[in-house]
Amino acid sequence: MIFSKTLTNWYSNNKRILPWRETTNPYYIWLSEIILQQTQVSQGLPYYDAFVAKYPTIFDLADANESEVLKLWQGLGYYSRARNLHTTAKYVADELKGVFPNTYKELLKLKGVGDYTASAIASICFNEAAAVVDGNVYRVLSRYFGIDTPINSSKGAKEFKQLAQELIDKKDPAEFNQAIMEFGAIQCKPKNPYCNICPLNEGCIAFNKNRINDLPVKIKSAKAKKKYFNFLVFISEDQKTILEKREGKGIWQNLYQFPLIEIEKNIDSKNFKKQIESDDLLKNTSFELSLYNKEPIVHKLSHQHLYTNFWIINVERLAVKGISIHKIHEYAVPILIGNFIESFNFD
DNA sequence: AAGTCGGGGGA
DNA sequence: TCCCCAGACTT
């Protein structure tokens, strides 16, 4: 009770002013929560504004094409969020007449909505006492109560969820949930938290036992694997190039890229030219090949490090239909491709 | 239970 | 470098 009251009191004095805090409309809350998954507020905020501006209602979002949604999402990462966002928008608009489910249990059934997001929407929009447990909550609870169960274990997930559920203020769950998250983000932050001015330091086990830097405990994940990407940037005399849609599983699903040749390890110009001469896009054509980047461009994802080359290939005409170079900006591309397009300055 | 899915930023 | 971020989904 003291814990909860102290948090909400801190929150009323320290909370940031954010657009999704001015509403309880489930469409906007849902949108903000999807955008903010694994994403810092400062990174997600401009995307939230852009989505609200372009799609003021869930019907507007439902009426869009997926490609259009992905384009607006470009650069934010975890693109399955955008695909699921669109799927759920169509479902709620078409099947539920635009009315969002109003309980934790029903919200959980929506694609892209897990335990955290269902709890957030249920509490903020419908005043249901469902406790949120995000990265901030794990940190605050593990420190204050001195819990060393790994937060990314199934045991930890259960334990922290139950604890948060016991602590939540049942009279104002929305305020409590947002307070504990904001407290974790601003006050009880991962590195160099402000323990000396913390209103909870007296009862904080980690602080009193000098274990702030040991908590929360997290099981380390495997190291990223190296991959070697070679993109073929075709340029024809009639100003066309080739973009392909990424299908199937794996990263960047449904985004566009230049034709990709993935190899075992890095390669020099002469060998690469020999290797691609027999490619369907190049056989029976003469072409000029040059490597755009002197050194491989390293693009780091959570589980892969991409060592990337952009090969400029000048041809008279393309072997396939291709797209006009001046329309290249209409396609949703991974930021790795986007950065290249920008620096190459096609048009 | 472990892996996969992005990109940016802090120390 | 390594870690973290208003996590969810697949294997």
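Just so we're clear, the structure is a prediction, and the values are computed from it rather than from any experiment. Each chain gets a letter, A, B and so on, in the order its sequence line appears, and its residues count up from 1.
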Any base atoms under 4.0 Å from [X], or only sugar-phosphate, or nothing? Heavy atoms, all strands.
{"X": "Gly75(A)", "value": "sugar-phosphate"}
{"X": "Leu76(A)", "value": "base"}
{"X": "Asn177(A)", "value": "nothing"}
{"X": "Arg21(A)", "value": "base"}
{"X": "Val132(A)", "value": "nothing"}
{"X": "Gly250(A)", "value": "sugar-phosphate"}
{"X": "Ser80(A)", "value": "nothing"}
{"X": "Lys220(A)", "value": "sugar-phosphate"}

Let's see if you can work this out: which of [options] has an atom nearest to the side-chain heavy atoms of [X]?
{"X": "Lys191(A)", "options": "dG6(B), dA11(B), dA6(C)", "result": "dA11(B)"}
{"X": "His303(A)", "options": "dC4(C), dA6(C), dC5(B)", "result": "dC5(B)"}
{"X": "Asn192(A)", "options": "dT11(C), dA6(C), dA11(B)", "result": "dA11(B)"}
{"X": "Lys111(A)", "options": "dG6(B), dC4(C), dC9(C)", "result": "dC9(C)"}
{"X": "Val41(A)", "options": "dG7(B), dC4(C), dA6(C)", "result": "dA6(C)"}
{"X": "Gln37(A)", "options": "dC4(C), dG7(B), dG7(C)", "result": "dG7(C)"}
{"X": "Tyr79(A)", "options": "dG7(B), dC9(C), dG7(C)", "result": "dG7(B)"}

Check: [X]/[Y] side-chain N/O donor and acceptor closer than 3.5 Å:
{"X": "Glu33(A)", "Y": "Tyr116(A)", "value": "yes"}
{"X": "Asn9(A)", "Y": "Thr6(A)", "value": "no"}
{"X": "Thr103(A)", "Y": "Glu128(A)", "value": "no"}
{"X": "Asn65(A)", "Y": "Ser67(A)", "value": "no"}

Problem set entry | Nearest-Å distance once atom P is located in both dC5(B) and dA6(C) | 23 Å

Exercise. Quantified in whole Å, what is the P atom distance between nucleotide dG8(B) and nucleotide dA8(C)?
Worked result: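 It comes out at 22 Å once rounded to the nearest Å.
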
Interatomic distance where [atom1] belongs to [X] and [atom2] belongs to [N] [whole Å]:
{"X": "Ile124(A)", "N": "dA6(C)", "atom1": "CD1", "atom2": "C1'", "value": "9 Å"}
{"X": "Trp252(A)", "N": "dT4(B)", "atom1": "CH2", "atom2": "P", "value": "16 Å"}
{"X": "Leu85(A)", "N": "dG6(B)", "atom1": "CG", "atom2": "C1'", "value": "16 Å"}
{"X": "His305(A)", "N": "dG7(B)", "atom1": "NE2", "atom2": "C1'", "value": "12 Å"}
{"X": "Leu70(A)", "N": "dG7(B)", "atom1": "CG", "atom2": "P", "value": "12 Å"}
{"X": "Lys189(A)", "N": "dC4(C)", "atom1": "NZ", "atom2": "C1'", "value": "12 Å"}
{"X": "Leu306(A)", "N": "dG7(B)", "atom1": "CG", "atom2": "P", "value": "9 Å"}
{"X": "Lys227(A)", "N": "dT4(B)", "atom1": "NZ", "atom2": "C1'", "value": "11 Å"}

Exercise. For DNA chain B, whose closest nucleotide is more 5', that of Arg83(A) or that of Lys155(A)?
Worked result: Lys155(A)

For this session: For Gln304(A) and for Ser42(A), locate the closest nucleotide of DNA chain B by heavy-atom distance; then report the residue assigned to the nucleotide nearer the 5' terminus.
Result: Gln304(A)

At under 4.0 Å, does any side-chain N or O of [X] touch on OP1 or OP2 of [N]?
{"X": "Arg139(A)", "N": "dC5(C)", "value": "yes"}
{"X": "Lys300(A)", "N": "dC2(C)", "value": "no"}
{"X": "Gln38(A)", "N": "dG7(C)", "value": "yes"}
{"X": "Trp73(A)", "N": "dG7(B)", "value": "no"}
{"X": "His299(A)", "N": "dG6(B)", "value": "no"}
{"X": "Thr117(A)", "N": "dA8(C)", "value": "yes"}
{"X": "Tyr78(A)", "N": "dC9(C)", "value": "no"}

Exercise. Should the ring pair Phe310(A) and Phe340(A) be called parallel, tilted or perpendicular, given that the plane angle runs from 0 to 90° and is split at 30 and 60?
Worked result: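 The arrangement is parallel - the two ring planes meet at less than 30°.
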
Exercise. Closer to the 5' end of DNA chain C via nearest nucleotide, is it Glu182(A) or Lys249(A)?
Worked result: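 On the 5' side of the pair lies Glu182(A).
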
For this session: Walk me through it: do Tyr78(A) and Thr39(A) pass the test side chain to side chain donor-acceptor pair (under 3.5 Å)?
Result: CA-CA 10 Å; Tyr78(A) 285 158; Thr39(A) 303; over 6 Å; no

Exercise. So which nucleotide does dA11(B) pair with, by the Watson-Crick or G-U wobble rule with both distances under 3.5 Å?
Worked result: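 Per the H-bond distance test, dT1(C).
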
For this session: Look at atom NZ of Lys111(A) and say whether more than 12 heavy atoms of other residues, nucleotides or ligands are closer to it than 6.0 Å.
Result: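 Atom NZ in Lys111(A) is not crowded, with 12 or fewer foreign heavy atoms closer than 6.0 Å.
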
Exercise. Taking 4.0 angstrom as the limit, do Lys71(A) and Glu68(A) come out as a salt bridge?
Worked result: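 Answer for the salt bridge query: no.
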
